[in-house]
Visitor: 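Here's a structure for you.
Protein chains get the first letters and strands the later ones, always in sequence-line order, with residue 1 at the start of each.
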2 protein chains.
Amino acid sequence: MKFKATATAEDITGKVKNADHFCYGEETKLAWEAGKLTADITEEQRKLTEADLVIFQFPMYWFTVPAIMKGWMDRVLTLGFAFTHEKRYSQGIFKDKKAMLSFTTGSQESMFSANGINGDMNVTLWPLQNGIFHYCGFQVLAPQIFWALSHVPSEARGTMLEGWRKRMQGLLGENTLAFTPLDCLNDMMSIKLLL
Amino acid sequence: MKFKATATAEDITGKVKNADHFCYGEETKLAWEAGKLTADITEEQRKLTEADLVIFQFPMYWFTVPAIMKGWMDRVLTLGFAFTHEKRYSQGIFKDKKAMLSFTTGSQESMFSANGINGDMNVTLWPLQNGIFHYCGFQVLAPQIFWALSHVPSEARGTMLEGWRKRMQGLLGENTLAFTPLDCLNDMMSIKLLL
């Protein structure tokens with residue numbers, strides 16, 4: 001899928017409100033209301049509207065999603081469609097949907113443990129799981145992580161895939177992550193994802 | 001600047017090692033060694049090699065950089081050029097350089113305070129500041145943040161810019177952020193950036 005990654009004025013068909021001082025968020029909100037977003041965005045929004053569960057499958061690049069998937073988030077999760085200033089987090093627009101990350105890493109799991117050199121994976125995933133999924137209201141399922149895949153022999157890969165296949169069968173019945181943003185975030189140490 | 005955001009096999013000129021099972025990280029490492037990365041990547045790598053300080057200026061989109069800037073990171077920070085398995089973090093290749101984030105937000109500062117609904121900004125920036133900058137060895141300067149810029153009247157914007165201008169004059173003399181990854185990361189709460 002050769003999805004356009006960069007958010008630009010070309011994401012809007014027809015005239016924009018203020019071409020001299022183009023503000024992507026505001027302009028795409030207006031375009032969404034008027035049905036003037038480009039077809040690639042509209043098609044992704046249609047799929048998202050229909051979905052009960054969205055799984056983001058990717059190779060982890062630089063501690064987050066690759067640019068093409070970030071572009072999907074930047075372009076498809078339009079103000080108005082995916083969130084408003086009133087509808088965010090527990091009041092979010094997608095609160096009846098679930099979302100999850102499924103990804104491969106270059107690093108071993110131990111490097112992403114709480115005392116690993118990369119820091120805890122839950123902290124690494126905070127901007128994605130809280131800042132994007134939870135922000136839009138999604139209930140967030142625990143991530144499916146395939147650690148250091150390039151070092152895994154092919155038989156073991158089969159076992160990993162089998163595990164994922166099994167997990168998928170019960171995915172919609174799993175408990176979702178609990179975010180404890182306000183009361184518990186009482187200092188910069190206290191980021192918490194509780195299963 | 002219409003930088004290509006998506007990391008693909010087209011980033012390599014000429015033949016790749018394994019087209020059937022293309023592995024971006026490994027293939028671009030070989031291409032970098034052989035001088036076969038595309039001109040847009042090579043040019044950015046040249047600028048990076050010459051720089052003492054790199055300032056990443058962007059509007060925050062979805063709690064991180066926009067896709068086009070993530071694409072710069074995905075494509076320019078090539079294995080071999082920007083890091084190796086031996087040269088990372090305090091042993092990183094760019095340890096004599098400094099880097100920093102400078103960005104505008106949509107949200108007010110209070111939403112990114114330690115008990116704000118978005119969580120602490122330092123945690124939000126962890127994947128960028130630790131996972132990319134510190135990983136490549138950069139000394140990291142405290143971010144320059146322009147909060148909720150669209151709500152700021154133009155006189156106040158002038159003051160903000162003046163503050164930034166003043167800060168820039170002393171930037172290279174500032175203390176850099178201290179990362180305390182191993183000993184102090186003794187549970188998932190203890191992510192710490194100390195000025």
Visitor: Indicate yes or no for a side-chain donor-acceptor contact from A:Lys98 to the backbone of A:Leu141 under 3.5 Å, with no hydrogens or angles considered.
Guide: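 Checking the backbone N and O of A:Leu141 against the side chain of A:Lys98, no donor-acceptor pair under 3.5 Å is found.
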
Visitor: Tell me, side chain or backbone of A:Arg88 under 4.5 Å from chain B's heavy atoms, or both, or neither?
Guide: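 The side chain, not the backbone.
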
Visitor: Given a strict heavy-atom distance threshold of 4.5 Å, which part of A:Leu77 is in contact with chain B: side chain, backbone, both, or neither?
Guide: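 Both backbone and side chain of A:Leu77 come within 4.5 Å of chain B.
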
Visitor: Below 4.5 Å from any heavy atom of chain B, which atoms of A:Phe112 appear? Answer side chain, backbone, both or neither.
Guide: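 The answer is neither part of A:Phe112.
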
Visitor: Check this for me: does any side-chain nitrogen of one of B:Glu26 and B:Lys29 sit under 4.0 Å from a carboxylate oxygen of the other?
Guide: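 No salt bridge links B:Glu26 with B:Lys29.
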
Visitor: Among B:Tyr135, B:Tyr24, B:Phe63, B:Trp72, which residue forms the greatest number of heavy-atom pairs with chain A at distances under 4.5 Å?
Guide: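 That would be B:Phe63.
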
Visitor: Mind telling me whether A:Phe94 and A:Phe138 have parallel, tilted or perpendicular rings, with 30° and 60° as the class edges?
Guide: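 Correct class here is tilted.
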
Visitor: Between chain A and each of B:Ile68, B:Thr64, B:Thr8, count heavy-atom pairs under 4.5 Å; write down the option with the most.
Guide: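 The candidate making the most pairs under 4.5 Å is B:Ile68.
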
Visitor: Report which part of A:Met60 has an atom under 4.5 Å of a heavy atom belonging to chain B: side chain, backbone, both, or neither.
Guide: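 The answer is neither part of A:Met60.
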
Visitor: Quick test of your reading of the model: are B:Arg165 and B:Glu162 salt-bridged, counting only N-O distances below 4.0 Å?
Guide: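 So B:Arg165 pairs with B:Glu162 through a salt bridge.
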
Visitor: Quick one: are the ring centres of A:Phe133 and A:Phe56 less than 6.0 Å apart?
Guide: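 So the answer is yes for these two rings.
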
